[in-house]
Amino acid sequence: MALLTGRGETLAAAESLTGGLVAAALTGPPGASRVFLGSVTAYATEAKRDVLGVDGGLLARRGAVDAEVARQMATGVRRLLRADWGVATTGVAGPEPQDGKPVGTVYVAVSAPGTGGVVAQRLNLRGDRAAIRAGSVHAVLGLLRDQLILPGVGEVSSAAAAQDTEQNGEDGCLQP
């Protein structure tokens, strides 16, 4: 949060599998209200489409557990709440697979200000539901930190097909 505060920039979050845990992590530090504008917990596919503006055709073709869905969620919440930065999480915390994706498949994304692009990262996390959700929070906040420090590092979406970076967690958490 200090990086955003120092830059005078704001942040919004769009969450699916994390169900508010990203917002809870962001609002924990004192002074968070200077930076964090709010969040949308879009657990249902319809909420991703209707509230965050994720393309309905994309959701129908690929399902909600997808890199481009994460990118659109991050951009959608940034626009909706008029924040400088947007972050998003979507994935499968379990106990059952979803949309043909195994438990532990997670996508996190960060949408940068202006035309700064949108970075998405695929995670293959292990552990129980709580560990996968906690690992997702850790990963999206780490990706945000990385983009604040080294903009454009990782995969950035464009009109062309994009590739995702991938991280594997041992016990549901990523190593810093």
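Count residues from 1 along the sequence.
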Requested in this report: Compare every heavy atom of Val77 with every heavy atom of Gly86, then report the nearest pair and how far apart it is.
Outcome: CA-CG1, 4.2 Å

Report task. Taking Thr27 for its side chain and Ala23 for its backbone only, find out whether a donor-acceptor pair lies under 3.5 Å. Result -> yes

Report task. Could you check if a side-chain atom of Val110 sits within less than 4.5 angstrom of a side-chain atom of Val118, using non-hydrogen atoms only? Result -> no

Query - Minimal non-hydrogen separation, Ala88 against Ala74, with atom names - result: CB-N, 3.5 Å

Query raised in the report: Given the rule that I, L, V, M, F, W and Y join up when any side-chain heavy atoms are under 4.5 Å apart, are Leu144 and Tyr107 in one cluster?
Result: yes

Query raised in the report: For Val22, which of Val140, Leu11, Val108, Thr41 qualifies under side-chain contact (heavy atoms from CB on, under 4.5 Å)?
Result: Val140

Report task. Determine the minimum heavy-atom distance between Lys48 and Ser16, stating which atoms define it. Result -> NZ-OG, 2.9 Å

Query raised in the report: Heavy atoms, side chains only, cut-off 4.5 Å: are Gln72 and Leu58 in contact?
Result: yes

Query - Side chains of Val106 and Arg122 in contact at under 4.5 Å (non-hydrogen atoms) - result: no

Query raised in the report: How long is the gap from NE2 on His138 to CG on Leu125, to the nearest 0.5 Å?
Result: 10.0 Å

Query - Heavy-atom closest contact (Ala42 atom, Leu52 atom, distance) - result: CB-CD1, 3.7 Å

**Report entry** Non-hydrogen side-chain atoms of Arg78 and Asp84 separated by less than 4.5 Å
**Finding:** no

Query raised in the report: Same cluster or not: are Val35 and Leu81 linked, directly or through other Ile, Leu, Val, Met, Phe, Trp or Tyr residues, by side-chain heavy atoms under 4.5 angstrom apart?
Result: no

Query raised in the report: Is there a path of hydrophobic side-chain contacts, each under 4.5 Å between heavy atoms of I, L, V, M, F, W or Y residues, that connects Val40 with Phe36?
Result: no

Query raised in the report: Are Leu148 and Leu143 in one and the same hydrophobic cluster, where Ile, Leu, Val, Met, Phe, Trp and Tyr link if side-chain heavy atoms are under 4.5 Å apart?
Result: yes

Query - Expected output: side-chain Glu15 to main-chain Leu21 donor-acceptor under 3.5 Å - result: yes

**Report entry** Side chain to side chain, Met73 and Val54, heavy atoms closer than 4.5 Å
**Finding:** yes

Query raised in the report: Are the side chains of Leu26 and Met1 in touch, meaning some heavy atoms are under 4.5 Å apart?
Result: yes

Query - Test: Arg71 and Glu68 ion pair at under 4.0 Å - result: yes

Requested in this report: Apply the test side-chain hydrogen bond (donor to acceptor under 3.5 Å, both in side chains) to residues Thr5 and Arg34: give CA-CA distance (whole Å), side-chain angles for both, the deciding distance (0.1 Å), then the verdict.
Outcome: CA-CA 7 Å; Thr5 302; Arg34 288 183 297 231; 4.8 Å; no

**Report entry** Leu17 versus Ser136, closest heavy-atom pair with distance
**Finding:** CD1-OG, 3.6 Å

**Report entry** Main-chain N/O of Lys101 paired to Asp99 side chain as donor or acceptor, under 3.5 Å
**Finding:** no

**Report entry** Validation row: Pro113, Trp85 side chains within 4.5 angstrom (heavy atoms)
**Finding:** yes

Query raised in the report: Hey, are Thr89 and Thr18 close enough side-chain-wise for a donor-acceptor pair under 3.5 Å?
Result: yes

Query raised in the report: Heavy-atom distance under 4.5 Å between the side chains of Thr10 and Leu4, does that happen here?
Result: no

**Report entry** ILVMFWY network linking Leu59 to Tyr43, side-chain heavy atoms under 4.5 angstrom
**Finding:** no

Query raised in the report: What do you reckon, is CZ of Arg7 surrounded by more than 12 foreign heavy atoms closer than 6.0 Å?
Result: yes

Requested in this report: Mind checking the CD-CD spacing from Glu96 to Gln98? Nearest 0.5 Å is all I need.
Outcome: 11.0 Å

Report summary line: Val92 and Ile132 have their tightest heavy-atom pair at O-CG2, 3.9 Å

